[in-house]
Amino acid sequence: MRIINCHTYEAMSRKAADILAAQIQLKPNCVLGLATGTTPIGSYQGLIKRYESGSLDFSEVRTYNLDEYRGLTHEDPQSYHYFMNDQLFNHVNIDPANVHVPDGANADADAACADYDRMVAEAGYCDLQLLGIGRNGHIGFNEPADEFSKGTHCVDLTESTIEANSRLFEKEEDVPRQAYTMGTQTIMNARCILVVANGENKAQAVRDMCFGPIVPACPASILQLHPNVFVVCDDAALSLCEGLY
Ligand code: F6R
């Protein structure tokens, strides 16, 4: 794992946007795995700036998002698909046909997940997968468990994730209790992985991800087995890793 301390959220976001932009420059029709959440917002703003200045072209880029709430349509302002349109896709020249998010509106969980797995496999998996990390070490919606997950599947969200995500909803009761998420194996199939993390509340998860035992109780710890991972953080997220890297 290559750990990069960028000191601030702004510098972390610039570095992540640099890495994503470099991937697009190197392979204009690359497959990007994308994440929602608060952490990557600055990285997406960086990509939009580069597009607006004419240095980045999304016309051939294909994207596969990690996850979606079960039961929300892509028009629902709380859906991850809506978030991605709002934070990135509506502001760059990506072809909507090249954008993929698990279909939260498909109530048939097995079909929705199998379809998504087939699509990601047909695309040849991700050239670069962007990840945030949960306070409990989750990646995508792969929550702490007794075993690592494999393909796309339906999950029951943990209380800590529901509580963390409730800040984006009017009331905690409004947070959906289930989601469809890419599995750990699908994430590990990406050729390169970029994890972004900022803030003190991610410090323990970052330490466990990079230096803890490789156990499904910390799903992100499996990234230690991937040959090509960048962990890009601010000072606070790396505060429990001092002297370890
Ligand atoms: C979202 C996702 C989640 C988030 C994680 C961190 O697509 O995959 O694993 O990356 O919950 O969220 P934030 O960035 O809001 O702290």
Side-chain angles (χ1 to χ4, degrees), residues 6 9-10 12-13 16-17 20 32-46 63-70 72 74 76 78-89 99-104 113 116 120 126 128-145 148-149 152-169 175-184 186-188 190 193-206 208-209 216 218-223 229-234 236-238:
C6 295
Y9 177 78
E10 291 69 30
M12 177 202 85
S13 301
L20 287 157
L32 295 182
L34 296 179
T36 57
T38 318
T39 317
I41 290 177
S43 314
Y44 294 149
Q45 284 168 356
T63 65
Y64 288 82
N65 260 80
L66 282 165
D67 41 20
E68 179 60 282
Y69 287 120
R70 185 182 188 199
L72 301 191
H74 66 272
D76 191 312
Q78 305 288 9
S79 73
Y80 282 175
H81 201 142
Y82 187 99
F83 173 98
M84 289 305 302
N85 287 340
D86 195 40
Q87 295 294 332
L88 179 64
F89 300 145
V99 164
H100 307 85
V101 181
D103 183 5
C113 295
Y116 203 64
V120 183
C126 297
L128 176 59
Q129 173 71 60
L130 175 65
L131 295 176
I133 180 169
R135 289 180 306 191
N136 62 3
H138 73 219
I139 47 175
F141 271 132
N142 295 286
E143 301 281 18
F148 288 107
S149 64
T152 306
H153 57 289
C154 181
V155 287
D156 295 327
L157 303 186
T158 62
E159 279 312 313
S160 98
T161 299
I162 291 168
E163 188 237 297
N165 290 8
S166 65
R167 70 192 189 282
L168 305 168
F169 289 78
V175 185
R177 267 37 190 177
Q178 288 188 312
Y180 299 147
T181 182
M182 257 189 211
T184 315
T186 315
I187 293 170
M188 290 289 282
I193 295 181
L194 166 60
V195 186
V196 284
N198 71 291
E200 212 182 311
N201 64 352
K202 299 295 174 68
Q204 188 63 50
V206 169
D208 293 346
M209 165 175 68
C218 176
S221 63
I222 200 158
L223 300 176
V229 178
F230 296 90
V231 180
V232 179
C233 296
D234 71 351
L238 281 171

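Keep in mind that the numbers below use all heavy atoms, side chains included, and drop hydrogens, waters and symmetry copies. Just follow the structure's listing: the first ligand is 1, and inside any ligand the first atom is 1.
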Within this structure, what is the CG-OH distance for the pair Asp67 and Tyr80, rounded to the nearest 0.5 Å?
5.5 Å
Using a 4.0 Å heavy-atom cut-off, say whether Arg167 meets ligand 1 through its side chain, its backbone, both or neither.
side chain
Applying side-chain contact (heavy atoms from CB on, under 4.5 Å) between Phe141 and each of Leu66, Asp156, Thr161, report the one that passes.
Thr161
Thr181 side, atom OG1; Glu143 side, atom CD - distance, nearest 0.5 Å
9.0 Å
CG on Asp234 to NZ on Lys202, rounded to 0.5 Å:
10.0 Å
Mark up the atoms of ligand 1 that fall under 4.0 Å of a heavy atom belonging to Leu66, in ascending order.
8 (O)
Determine whether any heavy atom of Glu143 lies closer than 4.0 Å to an atom of ligand 1.
no
Tell me: protein heavy atom nearest atom 10 (O) of ligand 1, and distance?
Gly132 CA, 3.3 Å
Whether the side chain of Asn142 engages the backbone of Met182 through a donor-acceptor N/O pair (distance < 3.5 Å, no angle test) should be reported.
yes
Region of Asn165 engaging ligand 1 - heavy atom pairs below 4.0 Å:
neither
Of all the non-hydrogen atoms in the protein, which one sits nearest to atom 11 (O) of ligand 1, and at what distance?
His138 NE2, 2.7 Å
Who are the ring-ring contact (aromatic ring centres under 6.0 Å, His included) partners of Phe83, not counting sequence neighbours?
none
Determine, using heavy atoms of Arg135 and all atoms of ligand 1, whether some pair is separated by less than 4.0 Å.
no
Which option wins on minimum heavy-atom distance to atom 12 (O) of ligand 1: Gly37, Gly140, Pro219, Ala220?
Gly37
Among all protein non-hydrogen atoms, which one is nearest to atom 16 (O) of ligand 1, and what is the separation to 0.1 Å?
Lys202 NZ, 2.6 Å
For atom 7 (O) of ligand 1, state which one of Asp67, Thr38, Thr39 supplies the nearest heavy atom.
Asp67
Nearest protein heavy atom with distance in Å, relative to atom 6 (C) of ligand 1:
Ile133 O, 3.4 Å
Only counting residues at least two apart or in another chain, list the ones meeting ring-ring contact (aromatic ring centres under 6.0 Å, His included) with Phe169.
Tyr69
So which heavy atom in the protein is nearest atom 1 (C) of ligand 1, and how far is it from that ligand atom?
Thr36 OG1, 3.0 Å
Establish, from distance only, whether the side-chain atoms of Thr38 and Arg167 form a donor-acceptor pair under 3.5 Å.
yes
